[in-house]
Structures are given as structure tokens and as C-alpha cells.
A.B. asks: 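Quick one: the structure is below, and I'll ask about it shortly.
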Number of protein chains: 2
Amino acid sequence: MAVTIGEVAKAAGVSVSTVSRALNTPDLVNAVTRQRVKDAADRLGYAPNPAARSLREGRTESLGLLIPDITNPFFPPIFKAMQERAKRQGYTLLVADSDEREADELETIAAVSKKVDGLVLWASMLPEERLAELAARMPVVLVNRHVPGVVEVHVSLTDGIAQAAEHLKAYGHQQCVFVDGNGNRPDQSRSKSIREAFDAHGLGLIEIGPYEPRFETGVHAAPLVLAHGATAVLAHNDLVAMGVLHQLAALGASVPADVSVVGIDDTLLASVSTPSLTTIRIAPDEVATKAIDLLIGLAHGRQPAQPVTEVGSRLIPRGTTGPASRATFARRDDA
Amino acid sequence: MAVTIGEVAKAAGVSVSTVSRALNTPDLVNAVTRQRVKDAADRLGYAPNPAARSLREGRTESLGLLIPDITNPFFPPIFKAMQERAKRQGYTLLVADSDEREADELETIAAVSKKVDGLVLWASMLPEERLAELAARMPVVLVNRHVPGVVEVHVSLTDGIAQAAEHLKAYGHQQCVFVDGNGNRPDQSRSKSIREAFDAHGLGLIEIGPYEPRFETGVHAAPLVLAHGATAVLAHNDLVAMGVLHQLAALGASVPADVSVVGIDDTLLASVSTPSLTTIRIAPDEVATKAIDLLIGLAHGRQPAQPVTEVGSRLIPRGTTGPASRATFARRDDA
DNA sequence: ATGAAAGCGCTAACAA
DNA sequence: TTGTTAGCGCTTTCAT
């Protein structure tokens, strides 16, 4: 067992309460005693036992983050930023991956909830009532789910999508395809805001899906894009976009000469693809900071003024978008 | 505060020790009492307070995993597999990202070590003595670091590299470039085993680097590959390989017709690239399982028979490797 | 300014 | 088979 407060007390020739005070509320102890205690603590390599402290205080100084799938390259930067932010405020961040399965998510929450002071639930699969219940029992911040009365950070793609529409319009595109990869996840369909933005810019939009947000979805979608005679594709996310790029190449269509492609998320995939992928970026640091700050606030009993915090997005133009081809690939094929 | 063992005891009309026993060592209590206790516990939604249990038991039922950078797509599957494995044995896995900075790593270890029963340190940046010290104080499993006497899982690229050499040889390649992206990380240079394997197969090998393991390293390396007249590249990892692919395309060289490219790690990048990337795979589940099992063993006082456990690798042939071009790209350029 | 002691929730002696 | 109780390490009254 490690060194305890009692041993420090003995070494410094004071009582345990003095040690506790010297370390936690230094103003309450005489300067020389304080120094003596601190020296002893350093010398012995004392560190408070978090379990004892938690038991006494009823707080763990830890936060939990539940995400659907850490292998989705969208999440690691988020986690990293949250961990950073939490650490700066003296909290440890505990991540858990729910694998997008409701049962696993429940199990994980059960296992983790008692070990943390609050939870960030990202795109939870749980039904609304369950989330409401949970939020009534402990501090909870939802991301990309909406439950009335529960604190939420809402990642809005509106700006990024509008910019994408404008970008494609400026390049002369007229007919686009949106590859929906939302499956049947709650509260997250991107379809509506995309339709609105494209309508507003007078761009033709064909939606296909919903499918699962996988590479193969993009592969599947690519020939449909050509068949529809569209010159641009907006994919559900970067991974799907990569599938589109892959299959367009296999079909002999070049990007962006024949077809322009836009992703969503600005993951590592976007920057390493060839050509590099035009995509819509949500500032991971901003979401992370807001969610963590809100959660720590809740853990300290501070309810935010607004239950919903918005985080914006923007287009990152890269190499997969360009002028619309005069003849669509399909028609050119006929020639 | 949540429901305690005392409340369950009262509800069931028994003492707290009976509740504890009914839940932890059911054989020690009368069947009907046991049932009564369990019912009461369920009804009240009782879950033991982990802080109290930890304090009492001296164990946390948590494990820590320290990795250099979670945004490296190599790690998420590892984490996921470890979390899975740990969960199955009743442990919570706590990941922390050290950002490849020794100071951060130390700080993180300080923050986390008291909250867990043991640590998996992946490619730690700490000096050997520090690791030895730490391992003397608590259960530690090293991955990709070697410190005498400390339990270690060693990921061996030997098999995968040998298969890559054989694969390239069979395709008629004669001159290859290895892009070293190891920087100055301890114990992890891939150079030696690569040289040995290529020598053994009579393949010419030019090493460039060491650089940092980044996309830009691959971009930088691509023209050098052509300048050396090589027809194949083995990159430090998939990310570097992606850089090579990107820049080869920019230089007008096609893959695999002009140059074959092999990565290492078999990350998501490899499967989504165009063409898909031939790479060397280390089974993430195997490393994860071994490391976690070893660590849990140590936490229970079981020293492994062998301090070092080996995990192998194998080549995953995909679309970036093919027959060597008769004329190298550089020479063809002269024509 | 400092010390003594209670008590957070739990498990495991020890008693009965 | 069950109950009583000590004690894990810590913070915080309450005294002094």
C-alpha cells in the first residue's frame, strides 16, 4: 500500500488534520508548519488516495464520455480535446465505446456511472425516456441528441452545408446526389438541412439511402451517382466519401473533372486522400470544450442559461471539388 | 446520494453483512434470505459504491492504458479490443493519451496510477529506469518497449516484413526504398529487421530517414523514391504510405504500375485508399488480449512464466503492389 | 493554529 | 446462518 496521510503526519510531527489542511487549504495553517508538512509529503512521495477522498467527498473528479465508435476517425480528436480540457480542470476523462448497441450502452453506463461525476453522451442510442431518467439522476450532457430539459450541445451542419451548396453552385453544378448514411439513428438525419440548403441555392438534389455510414455505402452509391447524371456528390461523412472516390476511380470517372465529391467531418481520411477531400468541418476543440465545461458546471450545480448550445461548421475546400463537367460522365460515355 | 447497502439491509430486514454476503458470496447465505436480499437490492436499484469498495479492498477494478496518440488510427481498434477484454473480466479500462510527450506522460501516470490496478504502457517515452521503478511499484505491462525484468508484449514485424520482401521479390522488384518514420523513439526502429529481410531475399534496399511518422514524410519521400530508380516502397506505416501515394500521383507515377507501395499497421487508411493499400497487419485483438490478460494476472499476483510475449504479423496484399515495371519511372521519363 | 474524532460505504474478522 | 463491529484513508466539524 502507498504512503498515507497518517505517515506524513508522523513524519512532520503533526496531526492528520493539519496535513490535510496544509495540502488542501494552506491558508489555514501556520507558514512554517505548512512548509514542514509539504516537505514531508514530498519526501515520502505522498499522493492522496482517490478512493478515500471520493468516499468522503461524494465526488470522483472523473468524467465519462460515451461514444458510438472510437474507430470512427471523427472521435479521436474529440476525445483528445475533451481529455485535455478535463485535465486542465483537475478531472480525469474516462471514455467508453458503446459499439452503437443499445444494450452495450446501458451496460457501460451502469459500469461507469458510479465512477464518474457526470457523463457526456455522444449520439446515444437510448430512448428519450431513459436519457431523461438518467439526466435526472446525475449530470449529463448530450451531444447530437435532443431530449427536452436535458443539457445538450448541438453540432449544427447548417453553415457548412450552405457553404457546400454555394461552393458547388459557383462551380456550375446543377444536379447533386446526397448519400444518406444515417441508418436509423435518432435525431441525426442530415437529410432535411441538406435539402433546404440545396433548394435555397436552386441546386437539384437526389437523395439515396439511408444506408449505414460505411465505406461500402460509398462504393454502392458511386454508380448510382453516374446513372443519375449528377456532377456532384455530398456524402454522409468522409468514410462514405472515400468509398465514392474509390468506386468512381474503378468506374473510370475522374474526380473532380467528372464528378465533385464533398464529405462531412474533416477526419484524417479527408486530408490523406488523393485528391484530398473537400469536406465540412466541425471544430472538435469547440465541441469538446463546451461539452466538458457544461458538464463540470452541472457537477458543481450550475445549470446553464440555455439548455442547448450550438456549435457551427464550415466547408473546407480541397481537391475533390471543381468546375462541373460540361457533359456528364454518363453522357460522355455514350459518345 | 445513491442507495447504500444499509438501505438494502433495512428493506430486506437483515444486517449489512448479510447483504454484502448475499451479493458477493451467495453460497454463504440461506437461499430464502438471499432471494429476499436480491429482490430488495433490485427494487431499490442498489449498486455498490466503487469508492467504498476500493478503499476497503485496496483494488479499483480499473486498468489504465497509456498510448502515444489516439488520433493515430492504429490505436482505436487496440483500445476497443482491450476495453472489451477488460470488461469481460469485470474491469473498466481507462485510456489516456500522452501526446508523445514525456512530461505529459509522467503527469498522466501520476494522475491515473492511483485510480487503477495496473497500467499498459504502449511505446512509452519514459527512460528505462523510470519504467523499471514504476513497474516495481505497481503492475505494468509494456508494449513495444523493452526493460529487463518488466513484463512485455512485443509486437514483431518480422513475419510481415519477410512476407512483404517475398511478395515484392515474386513480383520482380529489385530495388526498394524504406521510408523510416521512427523519429528517435526508443526500442522501435524497424530498420534492422527490414534490412535483414530484404538482404535475405536479395532485394536492394535504400533507407531514407528517419523522419517523423507523418503524411508529409511520405510526400517528401515520393520524389526520392523515383530519383533512386526504385520500383517499390515500404513505408514506416500506413499514414506515411498515404503520403507516398498522394505525391506519386502528383508526380504522374501510377501505383502499382510504376511503383509498388507497402504500408505497415493495416489501419482504416489502408482499406479506404485508392488503390487499397498493401500493408502489414498486427492482429489488434491478439495484442489487446495478451496485454490485458497479463496485466490482470499481475494485478492478481501472477507473474508470467516468460517476461516477453511475442505477437506476430502478416502481409495483407491489396492493390498497391504488383509486377515491377520493366523501365523504372525515372528512366521512362527520359525516353 | 492545531488536534481529536466522526463518518463516508463497504467487507471481513469475530461472535453468537 | 446471521449480526456486530473494526477499519480502509480522507476531510471536516467541533474543541481547545
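Here is how names work: the chains are called A, B, and so on, in the same order as the sequence lines, proteins then strands, and each is numbered from 1.
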A.B. asks: Please list, chain by chain and in numerical order, all residues satisfying side chain to side chain contact (heavy atoms under 4.5 Å, CB included) with B/Asp39, sequence neighbours excluded.
C.D. replies: B/Gln35

A.B. asks: Please encode protein proximity along nucleotides 11-16 of chain D as a string of B, S and -, counting only heavy-atom distances under 4.0 Å.
C.D. replies: BBB---

A.B. asks: Is A/Asp285 salt-bridged to A/Arg85, cutoff N-O under 4.0 Å?
C.D. replies: no

A.B. asks: How many Å lie between CD on B/Glu61 and C1' on C/dC10, as a whole number?
C.D. replies: 13 Å

A.B. asks: Identify whether the distance between the nearest side-chain nitrogen and carboxylate oxygen of B/Glu133 and B/Arg130 falls below 4.0 Å.
C.D. replies: yes

A.B. asks: Check the distance between C/dA1's C1' and A/Arg34's CZ and give it to me in whole angstrom.
C.D. replies: 11 Å

A.B. asks: Please give, in whole Å, the distance from C/dC8 P to B/Glu7 CD?
C.D. replies: 11 Å

A.B. asks: In whole Å, I'd like the distance from the NZ atom of B/Lys10 to the C1' atom of D/dT4.
C.D. replies: 16 Å

A.B. asks: Could you state the CG-C1' distance from A/Leu55 to C/dG7, rounded to the nearest angstrom?
C.D. replies: 9 Å

A.B. asks: Starting at atom CG of B/Asn49, determine the distance to atom P of C/dG7, rounded to an integer number of angstrom.
C.D. replies: 18 Å

A.B. asks: Which part of the nucleic acid does B/Thr33 contact within heavy-atom distance under 4.0 Å: base, sugar-phosphate only, or nothing?
C.D. replies: sugar-phosphate

A.B. asks: Between B/Lys290 and B/Glu286, does any NZ, NE, NH1 or NH2 come within less than 4.0 Å of an OD or OE carboxylate oxygen?
C.D. replies: yes

A.B. asks: For A/Ala52 and A/Val29, find the nucleotide of DNA chain C closest to each by heavy atoms; which residue's nucleotide sits nearer the 5' end?
C.D. replies: A/Val29

A.B. asks: Just by distance, do the side chain of B/Asn72 and the backbone of B/Phe74 share a donor-acceptor pair under 3.5 Å?
C.D. replies: yes

A.B. asks: Roughly how many Å is it from CG in B/Asn30 to P in D/dG3, rounded to a whole number?
C.D. replies: 11 Å

A.B. asks: Quick check against the 3.5 Å criterion: does B/Ser156 have a side-chain atom that pairs as donor or acceptor with the backbone of B/Val311?
C.D. replies: no

A.B. asks: Taking atom P of D/dG9 as reference, at what distance in whole Å does atom CZ of A/Arg59 sit?
C.D. replies: 21 Å

